[in-house]
Amino acid sequence: MSTHPIHSSREDEERESRARRMLRLFAHLVGVTWGVAILTNLAVWHLAAQPRYQSNVQMTVGWARIMKPILADAYRPQIEVFGRSWARDAFDPETIGGLTAKRFFNHAVSGGTAYENRRFVQSQLAVNPDLQLAILNVNSFRQRLDEPVAHPGFDPSILNTDAEGRPQNGVSAARAFAITLSGASVGFDIKFADILYRQEVLGQSRFETLASYDRMDYSKRPKVPAARAHIIDGAARTTAASNGDENRLQPDFAIAVKALCDAHVDVAVYETPFSMSSDQCDATKSQGLETYDLIRSLQAHCASRISYYDFNYPNAITMEGVSRPTDKGIFYRRDGHPRPPTGQIMFAAITGSAMPRQADGLKFDPDFGIDLMTLDRDAYRAWAADKGGRCMGKWRPD
């Protein structure tokens, strides 16, 4: 049996040549795909940075841990909110814009942990000398013992500072990748494009396209009758509900406040006004006293103002659907998150702005939205006892 080495060599060369051509074609396809992805992501990012789309961007669910730190640096807000989704859904940049002439940014992210929010504060302070007021959702700095320090999607490499607040290297490169080629950029692009299509092409309003404007149907809340019985009628409770399964304030809260104080930025701390239809009435107010005492100790060494506002007790907002039977609510989503009308009222109280029309017809207490740090400790305890007592149906005659 004979062999033909010459023929075999030619066949091998042809196979190798075809393999090289396929490899070059594959490389070209990959390069084109990357190029298209980069250009698309850059185009979407350019749109996302436009002032007219800030409600769409800042209130979009998902990918905020990557997008918001970068966007906030470019936007250089004068007022900024930090927290988790309770704050994200409450403060719509467009409606808040009607209450202040200052640049506002909603930096809250879904499930934002104490550590993540502290890092966001430090990163923003490193590059934004225009920041004048930071609004901190204190509930976001209280965590369950089993909750992780940071959630998936948190990328410390894109932040301007490290965990100690020192300048960090390689931030520009990390951000370039995050905006152009990361999975977060692709997910954000798809979501943002969908919102724009529905608004610009289908003519839907942001009230229809943003999840933050979802509305609670109180007729489907099984706890409403029990809340009404406890809070209005004073029926006996076996336990006094508190705000979930939280433990004490994390050290990140004090670190964030001190960093803001050192930068001469005013700090407004607020308690989320949870819906009483969710059995969130806190009769003990023990967490509030802990927060009050900590802020008082921080005030002594702060060059700027620290204020504290507690909206979480039976009042004209939180009693919606309980004291005023209604199907579609104004102040809460179906999941219990505060809606933007609630955020407008809180923002007005915190900043001393005129109350928005959403407050028309509501009967607030004279001390609704007061800065609790203007009270001494005994006066604060009396205030907390009065408001917490409402959870058990203990109301003053007035």
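This chain uses plain numbering: 1 for the first residue, then up along the sequence.
- The backbone N or O of Met373 lies less than 3.5 Å from a partner atom in the side chain of Arg296, making a donor-acceptor pair.
- Of all the heavy atoms in Asp162 and Gln122, the pair that sits closest is O-OE1, 4.0 Å.
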Should Arg88 and His107 be marked as a side-chain contact (heavy atoms from CB on, under 4.5 Å) after you check the CA-CA gap, both sets of side-chain angles, and the distance that decides it?
-> CA-CA 7 Å; Arg88 181 204 60 216; His107 208 305; over 6 Å; no
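- Between Ile306 and Cys261 the shortest side-chain heavy-atom distance falls below 4.5 Å.
- Between His230 and Cys281 there is no side-chain heavy-atom pair separated by less than 4.5 Å.
- Side chains of Gln204 and Gln199: no donor on one and acceptor on the other come within 3.5 Å.
- Remark: the backbone N or O of Ile79 is not paired with any side-chain donor or acceptor of Arg103 at under 3.5 angstrom.
- At a threshold of 4.0 Å, the pair Arg305-Asp371 counts as salt-bridged, since one of the basic side-chain nitrogens sits closer than that to a carboxylate oxygen.
- Looking only at distances, a side-chain donor or acceptor of Gln250 sits under 3.5 Å from a matching main-chain atom of Arg248.
- Hydrophobic cluster membership differs between Met59 and Phe82, with clusters built from Ile, Leu, Val, Met, Phe, Trp and Tyr side chains linked at under 4.5 angstrom.
- Of the charged side-chain nitrogens involved, at least one lies within less than 4.0 Å of a carboxylate oxygen, so that Arg198 and Asp194 count as a salt-bridged pair.
- When all heavy atoms are compared, the tightest approach of Leu375 to Ala379 is CB-CB, 3.9 Å.
- A distance-only check finds a donor-acceptor pair linking the side chain of Thr318 to the backbone of Tyr313 [under 3.5 Å].
- The backbone N or O of Pro77 lies less than 3.5 Å from no partner atom in the side chain of Asp130, so there is not a single donor-acceptor pair.
- Inter-residue side-chain proximity for Tyr218 and Ser275 is flagged as met; some heavy-atom pair is nearer than 4.5 Å.
- The closest side-chain heavy-atom distance from Gln78 to Leu133 is not below 4.5 Å.
- Without hydrogens or angle criteria, Arg215 side chain to Lys328 main chain gives a donor-acceptor distance under 3.5 Å.
- When all heavy atoms are compared, the tightest approach of Pro338 to Thr272 is CG-CG2, 3.9 Å.
- Counted within 6.0 Å of CZ on Phe364, heavy atoms from surrounding residues, nucleotides or ligands total more than 12; the atom is thus considered enclosed.
- There is a path of hydrophobic side-chain contacts, each under 4.5 Å, that joins Tyr115 to Leu136.
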Apply ring pair (Phe, Tyr, Trp, His ring centres under 6.0 Å) to the pair Tyr270 and Tyr308, showing each step before the final yes or no.
-> CA-CA 6 Å; Tyr270 82 93; Tyr308 179 37; 9.8 Å; no
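- Under 4.0 Å is where a charged nitrogen must lie from a carboxylate oxygen, and between Asp252 and Arg119 no such pair does.
- Between Glu271 and Arg142 there is a salt bridge, since a side-chain N of the basic residue sits under 4.0 Å from a carboxylate O of the acidic one.
- Taken together through direct or relayed side-chain contacts under 4.5 Å among Ile, Leu, Val, Met, Phe, Trp and Tyr, Phe192 and Val61 form parts of separate hydrophobic clusters.
- The residues Arg396 and Asp386 are annotated as salt-bridged, a charged nitrogen and a carboxylate oxygen being separated by less than 4.0 angstrom.
- There is a side-chain donor-acceptor pair under 3.5 Å between Gln124 and Asp73.
- Here Ile345 contributes atom CD1 and Phe368 contributes atom CZ; the two are 6.5 Å apart, rounded to the nearest 0.5 Å.
- Residues Met319 and Ser277 have side chains not in contact (no heavy-atom distance under 4.5 Å, counting atoms from C-beta outward).
- Look at Glu147 and Arg84 and you find a salt bridge, because one of the NZ, NE, NH1 or NH2 atoms lies within 4.0 Å of a carboxylate O, short of that distance.
- Val81 has its side chain out of reach of Asn137: every pair of non-hydrogen atoms, C-beta onward, lies at least 4.5 Å apart.
- Ion pair Arg339/Asp214 not flagged as a salt bridge, since none of the NZ, NE, NH1 or NH2 atoms sits closer than 4.0 Å to an Asp/Glu carboxylate oxygen.
- Counting heavy atoms from C-beta outward, Val269 and Ser307 have side chains that stay 4.5 Å or more apart.
- Taking the six-membered ring for Trp and the full ring otherwise, the centers of Tyr332 and Phe274 sit at least 6.0 Å from each other.
- A donor-acceptor distance shorter than 3.5 angstrom exists from the side chain of Arg228 to the backbone of Val322, with no hydrogens or angles considered.
- With contacts defined as side-chain heavy-atom distances shorter than 4.5 Å, the pair Ser212/His337 does not qualify.
- The shortest non-hydrogen separation linking Asp89 to Pro340 is O-CD, 3.2 Å.
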Worked check of side-chain contact (heavy atoms from CB on, under 4.5 Å) between Asp155 and Arg65 | CA-CA 7 Å; Asp155 183 1; Arg65 286 172 172 79; over 6 Å; no
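- A distance-only check finds a donor-acceptor pair linking the side chain of Arg118 to the backbone of Ala163 [under 3.5 Å].
- Checking side-chain atoms of Arg76 against main-chain N and O of Asn128 turns up no donor-acceptor pair under 3.5 Å.
- Using a cutoff of 4.0 Å between basic side-chain nitrogens and carboxylate oxygens, Glu116 and Lys68 are not scored as salt-bridged.
- Closest approach of Gly288 to Tyr380, counting heavy atoms only: C-OH, 3.1 Å.
- Side-chain contact, Thr291 with Asp293: no donor N or O sits under 3.5 Å from an acceptor N or O.
- Between Ser55 and Leu210, the shortest heavy-atom contact is O-CD1, 3.9 Å.
- Atom CD in Gln344 sits 4.0 Å away from atom OG1 in Thr95 (nearest 0.5 Å).
- Remark: the Asp92 side chain and the Tyr213 side chain contain an N/O donor-acceptor pair separated by less than 3.5 Å.
- Counted by atom type alone, Trp86 and Asn139 present zero donor-acceptor pairs between their side chains at under 3.5 Å.
- Under the 4.5 Å side-chain heavy-atom criterion for grouping Ile, Leu, Val, Met, Phe, Trp and Tyr, Leu289 is connected to Ile370 within one hydrophobic cluster.
- Cluster membership for Met346 and Tyr309, using ILVMFWY side-chain heavy atoms within less than 4.5 angstrom, is shared.
- A salt bridge is defined here as a Lys NZ or Arg NE, NH1 or NH2 lying under 4.0 Å from an Asp or Glu carboxylate O, and Arg221 with Asp327 fails to meet this definition.
- For CG of Asp233, the number of neighbouring non-hydrogen atoms (other residues, nucleotides, ligands) closer than 6.0 Å is greater than 12.
- Remark: the backbone N or O of Val171 is not paired with any side-chain donor or acceptor of Asn160 at under 3.5 angstrom.
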Apply side chain to side chain donor-acceptor pair (under 3.5 Å) to Arg166 and Thr161, showing your working.
-> CA-CA 5 Å; Arg166 298 170 300 208; Thr161 56; over 6 Å; no
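- With 3.5 Å as the limit, one finds no donor-acceptor pair spanning the side chains of Asp310 and Asn312.
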Given side-chain contact (heavy atoms from CB on, under 4.5 Å), test Ile317 with Phe311 step by step and report yes or no.
-> CA-CA 9 Å; Ile317 293 175; Phe311 302 102; 6.0 Å; no
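- A donor and an acceptor atom, one from each side chain of Tyr75 and Gln54, are nowhere located under 3.5 Å apart.
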Leu362 and Glu320: CA distance, side-chain angles, deciding distance, side-chain contact (heavy atoms from CB on, under 4.5 Å) verdict = CA-CA 10 Å; Leu362 297 181; Glu320 180 183 61; over 6 Å; no
